[in-house]
Number of protein chains: 2
Amino acid sequence: MEETPRSGRGGGARAARRRAVAAALRLFTEHGYEATTMDDIAAAAGVSRRTLFRHFGSKEDVLFAEHDELFANVARHLAASAHDDPVTAVCAAARMVFQDYVAAPEITVPRYHLVRAVPRLRDREIAMTARYQAAFTGHLAADHTEGPRALAAEALAAAVIAAHNHVLRSWLRDPEHRVPWNRLDEAMAFVTRTLGPVFRDPGGPLEAGGPGAARNGLTGPAARPAPAGPDGSEAVLVAVYPARMDGQDVLRRVSEALGHPAG
Amino acid sequence: MEETPRSGRGGGARAARRRAVAAALRLFTEHGYEATTMDDIAAAAGVSRRTLFRHFGSKEDVLFAEHDELFANVARHLAASAHDDPVTAVCAAARMVFQDYVAAPEITVPRYHLVRAVPRLRDREIAMTARYQAAFTGHLAADHTEGPRALAAEALAAAVIAAHNHVLRSWLRDPEHRVPWNRLDEAMAFVTRTLGPVFRDPGGPLEAGGPGAARNGLTGPAARPAPAGPDGSEAVLVAVYPARMDGQDVLRRVSEALGHPAG
DNA sequence: CGATTTTCGACACGCAGTGCCATACTGGTG
DNA sequence: CACCAGTATGGCACTGCGTGTCGAAAATCG
């Protein structure tokens, strides 16, 4: 109606897409996810049912399409930054996700509440997180499916995602607050600081690193005459914490637990 | 036909259920999950389509119904053992799951391969794991949604499930091997030994425990003048390792990392 | 045996998702 | 302007999942 004069029907495919998402979000919130049909969304968006399916593929995808293309962006970003430092690239990927969420609160906030309410959507969200974790792990250790590198990659990916999700959820619950970029920065910086070196060289940097490194329990194969397994893997430790815990607090505590000074 | 004379049509509701699951498994494996319709399964099982939906609710549930009732069993077991030690109860719950899997390989093994092949089913499996983890966490710290107890519970649940899934998958890939009960025992024993004390008293048992306890980084609020967060939570460390790594190897390595002797 | 309750099967229906084809609209060419 | 690809759209029909309903048959009880 007021957008690009691409299509005579309603003003551009992009605009129609956004209208559909907005309409779906509104209808889902007002009448419930199950009670809203694709015909309802199509009518509200001013497009045909068939076009809706062409664009989004499924009813769930009306909600997660943007998230999916975000994942595709992240994946492309990771693939494109193969020359960069993998740890930095993964943290940047997490930042991309965070950026996308906070940039469109009118979409992400109601979707967050919908996902919390509808089991089907919650499962989808869980699967999504698993996909991110797999992508991060793969980018960190694409050539090592076993061994200490894969182990550190797994831990690092889990930590990055856990930290990101925690900060993100705290904002989603209270989107009126200022976007907690600082907390995300601290979370990413912490992960990079603590698990990054372990990932880059599982065999020793922490041993030769700062004071208290030996207290981490993160030791290398050369530092210990441990009976090496068939793959020579080493254990890597990562913090697990409840979703409601304050992010900065988590970071400080884990940092202390790893032997860093409290300040 | 040879079971209970309950129903004149085909020999008992239980038998019909099992026939349906078996038929679904066979058809899914032979012709694919998407290509097999509920009518096909109904015909193969000798029941009507409507009855099939009455028993299983959905197509996916034909595969996961037993898994769901297993989860219900586990949940009831946890609820019933409120008086027992929570850590022991959770480990016993993991054993129940393992027991159910190995007791019915003709179901669990083909289902495992189906789940690996069909994205839709894989997402469901991931969600299932998340449900178990939530149930374990809730049972370990039902009355503490925050604080060190919840933290330790989260870590403990994650560790138990990770260890269980690892041992289980190794058997699912090679069901001809002897059931690795010993590896599961070791996994559960290790988790109990290492994270159990931390859960039972996050404030210090490991500090006063064996040698090298301080190296764990698992310290209590009383042991450190750390600026406590609003909830007074403490960090707890848990091992994360790739699925293909040998279970015993993981256990030994993490045990070493936590300061226990290698033997 | 008859009466009640439960289970099963058959039919109809709504809705998600897909294939097919006709109809616009796009940009480029003579 | 007429013509012609290529593409996005809409309408239509169809398969399949999942559900509500109702009558019939079987199980249970007296």
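Computed from a predicted structure; not experimentally measured.
Checking side-chain atoms of A/R49 against main-chain N and O of A/D39 turns up no donor-acceptor pair under 3.5 Å. Proximity of a side-chain donor or acceptor of B/D85 to a complementary backbone N or O of B/T88 within less than 3.5 Å is detected. Of the possible donor and acceptor atoms, one in the side chain of B/T36 sits under 3.5 Å from a partner among the backbone N and O of B/L27. Without hydrogens or angle criteria, B/D40 side chain to B/T37 main chain gives a donor-acceptor distance under 3.5 Å.
Relative to the ring axis of A/Y33, A/R120 does not place its NZ or CZ within 45° and under 6.0 Å from the centre.
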Is there any protein nitrogen or oxygen under 3.5 Å from a nitrogen or oxygen in nucleotides 15-17 of chain D, and what are the pairs?
unit_1	atom_1	unit_2	atom_2	d
D/dC17	OP1	B/M38	N	3.3
D/dC17	OP1	B/K59	NZ	3.4
D/dC17	OP2	B/M38	N	3.3

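OP1 or OP2 of C/dT7 has not a single side-chain nitrogen or oxygen of B/H55 nearer than 4.0 Å. At C/dG9, one or more side-chain N or O atoms of B/S48 fall inside 4.0 Å of OP1 or OP2 (strictly under the cut-off).
Rounded to an integer number of Å, the gap from B/D61 CG to D/dT19 C1' is 15 Å. In this structure, the CZ atom of B/R19 is 11 Å from the P atom of C/dC8, given to the nearest Å. Across the protein-nucleic acid pair, B/E60 atom CD and D/dG18 atom P stand 7 Å apart, rounded to whole Å. Rounded to a whole Å, the CZ atom of B/F56 is 17 Å from the C1' atom of D/dT19. The separation between B/R14 atom CZ and C/dT7 atom P is 12 Å, rounded to whole Å.
Residue B/R50 has its side chain nearest to D/dG20 when only C/dC8, D/dG20, C/dG19 are considered.
Between B/R120 and B/R54, the residue anchored closer to the 5' end of DNA chain C is B/R54, taking for each the nucleotide with the nearest heavy atom.
Of the charged side-chain nitrogens involved, at least one lies within less than 4.0 Å of a carboxylate oxygen, so that A/D61 and A/R124 count as a salt-bridged pair.
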